[in-house]
Amino acid sequence: MSTATPDSPAQRLEEAARDNLWLHFSKLSAYKDHPVPVITKGEGCYVEDVKGKRYLDALAGLFAVQIGYDYGEEIGEVAAGQLRELPFYTNWGFAHPPSIELAAELARIAPGSLSRSFFIGSGSEAVETAWKLARQYHAAQGERRWKAIARRYAYHGTTMGALSINGIPGLRTPWEPLVPGVTHVWNTNRYHRPLEETEEEFTAFLLEDLRHAIIQADPGSVAMVIMEPMQNQGGSLAPPAGYWAGVREICDEYGILLCADEVITGLGRLGAWFGSDLYGIQPDIMTCAKGLASGYAPIGAVLATDAVAEPFAEGENVFAHGSTYGGHPLTCAIAVKNLEIMHRDGVVDHAAANQDALKGSLDQLLDLPLVGDVRGAGYFYAIELVKDKDTHETLPMDQREKLFKGYLGPALFEQGLIARCEERILPLITISPPLVAGQAEFDEITRILGDVLAEAPKHLG
Ligand SMILES: Cc1ncc(COP(=O)(O)O)c(C=O)c1O
């Protein structure tokens with residue numbers, strides 16, 4: 001039931017949304033009993049709904065809005081100027097100033113020799129593009145390699161190629177048969193490893209698993225290993241020491257391209273420009289999206305090193321891939337402006353300087369009986385709820401569902417906090433605020449989480 005005044009503009013919007021709009025990953029039936037949340041305004045780290053209720057957006061509009069919601073005027077001016085000058089031209093065989101400028105800026109800030117950008121519209125398309133690029137790179141070298149290796153429970157998008165790379169069984173099975181040739185290896189969730197295992201042993205175990213997967217797949221058929229610097233699904237999973245150097249070494253040994261999926265971790269989320277900077281990863285290919293334009297425009301990018309671009313630089317080889325709107329002048333101009341703002345206003349430096357304060361604030365929740373772990377880096381944390389804090393035993397599925405669907409999600413929303421509550425893989429709350437958030441926001445996030453989680457044991461059923 002809507003709490004908006006009958007026949008008010010708010011109610012009309014809620015009803016039209018319920019009747020005509022198809023929300024992503026949402027049950028249409030859910031909106032029979034309660035209204036579709038309609039967000040109408042953004043300011044700083046907050047959004048406001050059509051009825052005037054404010055929410056602290058501790059998820060940055062799905063890990064995207066690095067600069068917060070205050071830059072609409074400034075970015076709007078750039079957008080209007082671009083639309084006056086050149087509303088559209090394609091990147092199929094043509095360039096235009098905004099895509100050139102964006103590619104040049106990315107070459108400047110990206111690690112290593114990732115100097116060539118291919119623009120598309122989303123993170124899924126970026127992952128799709130990366131896999132195709134890896135295949136065609138090998139073809140250009142005279143090798144037929146097509147397989148990809150990703151990690152268990154990792155999310156990489158929804159288009160058929162990206163979905164096939166996903167390691168989340170529940171997302172994959174409804175769409176099977178998927179694109180063949182993907183193997184999933186262990187992810188870096190150390191919290192659920194044997195308590196006595198050392199970090200060194202864990203790294204050795206993971207690298208052994210990767211090597212075996214490659215050998216089992218037949219190394220000469222594997223085109224790409226794709227992994228996030230810090231994996232989102234499973235709860236902000238950091239790499240153990242030595243992991244990325246080992247992954248790089250194994251890829252080199254078998255001639256496999258390494259793709260860092262930085263759709264979330266790129267553009268400051270981890271308190272460094274890229275997760276690859278933070279962990280010393282040297283990817284051949286990098287995907288990014290979300291934070292590239294801080295969500296002010298839909299854009300994704302695939303960055304390739306000089307070495308990956310090299311076989312395409314001579315003769316007849318062509319990367320036979322593209323889309324009409326990839327590298328749209330409007331979205332590129334907005335992304336350029338976003339990066340300029342991030343530099344000018346020291347947004348990544350701010351996140352780096354304040355990440356410990358955010359972690360310190362969230363760590364207070366560890367005193368609560370259900371909170372087993374707070375993990376992550378930068379402005380990207382997961383809070384894992386457990387049955388037993390000593391053994392790390394997880395909550396059984398029936399309790400998770402009761403707790404998350406029946407209480408946690410609705411209670412946080414009611415208290416005005418947007419966070420991600422996800423219980424299918426593990427019972428997790430993800431916190432990933434705009435990179436401009438400071439101590440006031442950290443305190444509010446922690447206070448609301450603390451109040452709501454303190455009551456949570458009563459809702460386990
Ligand atoms: C690591 C990663 N890759 C790819 C994607 C897909 O991005 P998009 O939703 O823009 O298609 C996501 C989305 O959350 C992601 O987290």
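Quick caveat: nothing in here was measured; it's all calculated off a predicted structure. Excluded from the calculations below are hydrogen atoms, water molecules and symmetry mates; all remaining heavy atoms, backbone and side chain alike, are included.
Of all heavy-atom pairs between V50 and E14, the closest is CG1-OE2, 4.0 Å. Residues D57 and P434 share a closest heavy-atom pair of O-CD, 3.2 Å.
Both tests hold for R54 against Y46: distance to the six-membered ring centre under 6.0 Å, angle to the ring axis within 45°.
Pairs passing the side chain to side chain donor-acceptor pair (under 3.5 Å) check and including a residue from residues 452-461, sequence neighbours excluded, read E455-K458. Pairs engaging residues 429-450 under the salt bridge (Lys or Arg N to Asp or Glu O under 4.0 Å) rule: R447-D451 [sequence neighbours left out]. Contacts classified as ring pair (Phe, Tyr, Trp, His ring centres under 6.0 Å) and involving residues 428-450 (residues at least two apart or in different chains) are given here: Y379-F442. Every pair passing side chain to side chain donor-acceptor pair (under 3.5 Å) that includes a residue from residues 262-271 is listed here, sequence neighbours excluded: Q66-R269, E262-T265, E262-S276, R269-S432. Applying the side chain to side chain donor-acceptor pair (under 3.5 Å) test to residues at least two apart or on different chains, the pairs with a partner in residues 338-356 are Y71-D345, E74-R344, E105-H343, S294-N338, K337-E340, H350-N354. Screening residues 147-180 for ring pair (Phe, Tyr, Trp, His ring centres under 6.0 Å) gives no qualifying pairs among residues at least two apart or on separate chains.
The environment of CZ in R424 is sparse: at most 12 heavy-atom neighbours from other residues, nucleotides or ligands sit within 6.0 Å. Counted within 6.0 Å of CD on E73, heavy atoms from surrounding residues, nucleotides or ligands total 12 or fewer; the atom is thus considered open. Other residues, nucleotides and ligands place no more than 12 heavy atoms under 6.0 Å from the CD atom of Q282.
For Y191, the ring-ring contact (aromatic ring centres under 6.0 Å, His included) criterion is met by H392, not counting sequence neighbours. Residues satisfying the ring-ring contact (aromatic ring centres under 6.0 Å, His included) criterion with F404, sequence neighbours excluded, are absent altogether. When the ring-ring contact (aromatic ring centres under 6.0 Å, His included) test is applied to F118, the partners found at least two apart in sequence or on another chain are F319, H321. For K41, the side chain to side chain contact (heavy atoms under 4.5 Å, CB included) criterion is met by E48, not counting sequence neighbours. Residues meeting the salt bridge (charged side-chain N to carboxylate O under 4.0 Å, His left out) test with E414, sequence neighbours left out: none.
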Without placing hydrogens or testing angles, list every side-chain donor-acceptor pair under 3.5 Å for residues 234-246, not counting sequence neighbours.
{"residue": "S236", "atom": "OG", "partner": "F380", "partner atom": "O", "Å": "3.3"}
{"residue": "Y243", "atom": "OH", "partner": "R151", "partner atom": "NH1", "Å": "3.0"}

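In this structure the side chain of V36 never reaches within 4.5 angstrom of the side chain of L13, judged on heavy atoms. The shortest distance between side-chain heavy atoms of Y407 and K402 does not fall below 4.5 Å. Residues D70 and V436 form no side-chain contact, since every pair of their non-hydrogen atoms from C-beta on lies 4.5 Å or further apart. Y31 has its side chain within reach of S26: a pair of non-hydrogen atoms, C-beta onward, lies under 4.5 Å apart. For the pair I67/Y296, a side-chain contact is recorded, criterion being any heavy-atom separation below 4.5 Å from C-beta on. Counting heavy atoms from C-beta on, the side chains of V182 and W131 come closer than 4.5 Å.
A salt bridge is absent between R190 and E197: the closest approach of a Lys/Arg side-chain nitrogen to an acidic carboxylate oxygen does not fall below 4.0 angstrom.
Between the side chains of T446 and Q364, no donor-acceptor pair is found at a separation under 3.5 Å.
In this pair, F205 and F202 present their aromatic rings parallel. The plane angle is below 30°, not in the 30 to 60° band.
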